[in-house]
Amino acid sequence: MLECIDLVKRYKGYDAVSGLSFAVHKGEVLGLLGPNGAGKTTTIKMILGLATVTRGEVRITSGVRIGYSPETPYFHPFLTGFEVMIFFSKLQGMDRKTRVRQIEEILEMVGLREAGDKKVKVYSKGMLQRLAVAQALLGKPDILILDEPTSGLDALGRVEMIRLINRLKSEGKTIILNSHILSDVQKVADRAVIIQNGTKVKEIDFRDEHTSKDLESTFIEVLGGAVDDSIDYK
């Protein structure tokens, strides 16, 4: 559904992304991983068309729609959750009947139906993250890009978000997941691409029966760290 081919993004003499290639297939969850400054967010911006590609190509199957949930979502605090959804649905040009039906279905899906009439300013961090995912689901996108969806959440909030992602996965949604919480990624992802300095250094298929190590240990090894067998990285 989506393929990045030798992507390069250059900023004033340095490459934030350097020859990055990977593909996302229909119905799978792909973890896009790497340390801070690895080029993950820049890659997402190029996929979304928010940053120009210096060199290389992003190929997206014709007609494929993309929904995006940013790492730090911001919504006008004086709006209710329902009004936020109305705002984004109008940006998509939805008719009123479709708008109301989708908003009710999605708020129910993300667990915000009862909070839909409350102003965003009283929402918790977890509720804001779920609302960000909710607006990304408007228009029934074919690919969903989730940038740090569990960032800053407490244990319960993380569990709720993982359940939501697993539900979307079970419904056949194609998802690109960017997260520093590797244990969360391994719970939901089919594959993971690890990048460093803007290039791919490792690709892992969790469906492969020969994949035995947990993701955190692999991540540390790939990026040059020494794994201490006496430490439980899970």
Report the C-alpha distance between I66 and I60 in whole Å, list the side-chain angles of each, state the deciding distance to 0.1 Å, and finish with yes or no for side chain to side chain contact (heavy atoms under 4.5 Å, CB included). CA-CA 10 Å; I66 298 177; I60 302 174; 3.8 Å; yes

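- Side-chain contact between I143 and V24: absent, with no pair of heavy atoms (C-beta onward) separated by less than 4.5 Å.
- Shown here are the side chain to side chain donor-acceptor pair (under 3.5 Å) partners of K45, two or more places apart in sequence or in another chain: there are none.
- Residues meeting the side chain to side chain donor-acceptor pair (under 3.5 Å) test with R65, sequence neighbours left out: none.
- Residues L138 and S89 come closest through the heavy atom pair CD1-N, 3.8 Å.
- Taking 4.0 Å as the cut-off between side-chain N and carboxylate O, R59 and E57 count as a salt-bridged pair.
- Taking CD1 of I145 as the start and CD1 of I47 as the end, the distance is 5.0 Å to the nearest 0.5 Å.
- For the pair S69 and V133, the minimum side-chain heavy-atom distance is below 4.5 Å.
- Salt-bridge check for E28 with R207: passed, with a basic side-chain N closer than 4.0 Å to an acidic carboxylate O.
- Annotation: side chain of L30 is not in contact with side chain of I175 (no heavy-atom distance under 4.5 Å).
- The minimum heavy-atom distance between L177 and P149, with the atom names listed, is CD1-CG, 3.3 Å.
- In the hydrophobic clustering of this structure, L164 groups with V185; members are Ile, Leu, Val, Met, Phe, Trp, Tyr whose side-chain heavy atoms approach within less than 4.5 Å, directly or through other members.
- Note that CD of E104 and CE of M85 are 11.0 Å apart. Values are rounded to the nearest 0.5 Å.
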Begin from the C-alpha positions of T61 and L2 and carry the test side chain to side chain contact (heavy atoms under 4.5 Å, CB included) through to its verdict. CA-CA 6 Å; T61 302; L2 185 152; over 6 Å; no

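- A salt bridge between K26 and D142 is absent, with no side-chain N of the basic residue lying under 4.0 Å from a carboxylate O of the acidic one.
- Of the possible donor and acceptor atoms, none in the side chain of E105 sits under 3.5 Å from a partner among the backbone N and O of Q102.
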Could you walk me through whether S183 and I181 pass the side chain to side chain contact (heavy atoms under 4.5 Å, CB included) check? CA-CA 6 Å; S183 58; I181 306 176; 3.8 Å; yes

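- Here the CZ-CD distance, from F206 to Q186, works out to 4.5 Å after rounding to the nearest 0.5 Å.
- Tested against F22, the residues T43, L7, I195, I5 include a single side-chain contact (heavy atoms from CB on, under 4.5 Å) partner, T43.
- Here the side chains of H25 and R191 are in contact, with some heavy-atom distance below 4.5 Å.
- Transitive grouping of hydrophobic side chains (ILVMFWY, heavy atoms separated by less than 4.5 Å) brings I103 and F87 into a common cluster.
- Note that the CG atom of L112 and the CG atom of L107 stand 6.0 Å from one another [nearest 0.5 Å].
- In this structure, V188 and V29 approach most closely via the heavy-atom pair O-CB, 3.6 Å.
- With rounding to the nearest 0.5 angstrom, the CD1 atom of I44 is 6.0 Å from the CG atom of L32.
- Partners of D184 according to the side chain to side chain donor-acceptor pair (under 3.5 Å) rule, which considers only residues two or more places apart in sequence or in another chain, are T150, R158.
- Looking at S18, its side chain never comes within 3.5 Å of a backbone N or O of V8 through a donor-acceptor pair.
- Residues in residues 42-77 take part in these ring-ring contact (aromatic ring centres under 6.0 Å, His included) pairs, two or more places apart or across chains: H76-F78.
- With hydrophobic clusters built from ILVMFWY side chains whose heavy atoms lie under 4.5 angstrom apart, F88 shares a cluster with V120.
- Under the 4.5 Å side-chain heavy-atom criterion for ILVMFWY residues, a single connected hydrophobic cluster contains both L153 and V122.
- Clustering of Ile, Leu, Val, Met, Phe, Trp and Tyr side chains at separations under 4.5 Å places Y14 together with Y11.
- Sorted by first and then second residue, the side-chain hydrogen bond (donor to acceptor under 3.5 Å, both in side chains) pairs with a member in residues 110-139 read E108-R113; sequence neighbours excluded.
- In this structure, L79 CG and I86 CD1 are separated by 9.5 Å, a value rounded to the nearest 0.5 Å.
- Side-chain contact between L144 and I165 is absent, with no heavy-atom pair separated by less than 4.5 Å.
- V193 and L182 end up in different hydrophobic clusters when Ile, Leu, Val, Met, Phe, Trp and Tyr side chains are linked at under 4.5 Å.
- Proximity of T174 to V64: side-chain heavy atoms (C-beta onward) are nowhere separated by under 4.5 Å.
- Taking the charged nitrogens against the carboxylate oxygens, D95 and K97 have no contact shorter than 4.0 Å, which rules out a salt bridge.
- Residues M127 and L131 form no side-chain contact, since every pair of their non-hydrogen atoms from C-beta on lies 4.5 Å or further apart.
- Taking each heavy atom of A132 and P73 in turn, the nearest pair found is CB-CB, 3.7 Å.
- Remark: side-chain polar atoms of T98 are not paired, donor with acceptor, to backbone N or O of M94 under 3.5 angstrom.
- In this structure the side chain of S21 reaches within 4.5 angstrom of the side chain of D6, judged on heavy atoms.
- For the pair D15 and R10, the salt-bridge criterion is met [side-chain N within less than 4.0 Å of a carboxylate O].
- With hydrogens and angles ignored, the 3.5 Å screen pairs no side-chain donor or acceptor of N178 with any backbone N or O of E148.
- No option in R167, K173, K169 other than R167 meets the salt bridge (Lys or Arg N to Asp or Glu O under 4.0 Å) test with E171.
- Under the 3.5 Å distance criterion, the side-chain polar atoms of K9 are left unmatched by any main-chain donor or acceptor of A51.
- The nearest pair of heavy atoms linking V17 to G39 is CG2-O, 3.7 Å.
- The pair E203-K200 meets the salt-bridge criterion, with a side-chain N (NZ, NE, NH1 or NH2) lying under 4.0 Å from an Asp/Glu carboxylate O.
- Heavy-atom minimum distance, L223 versus P35: CD1-CD, 3.6 Å.
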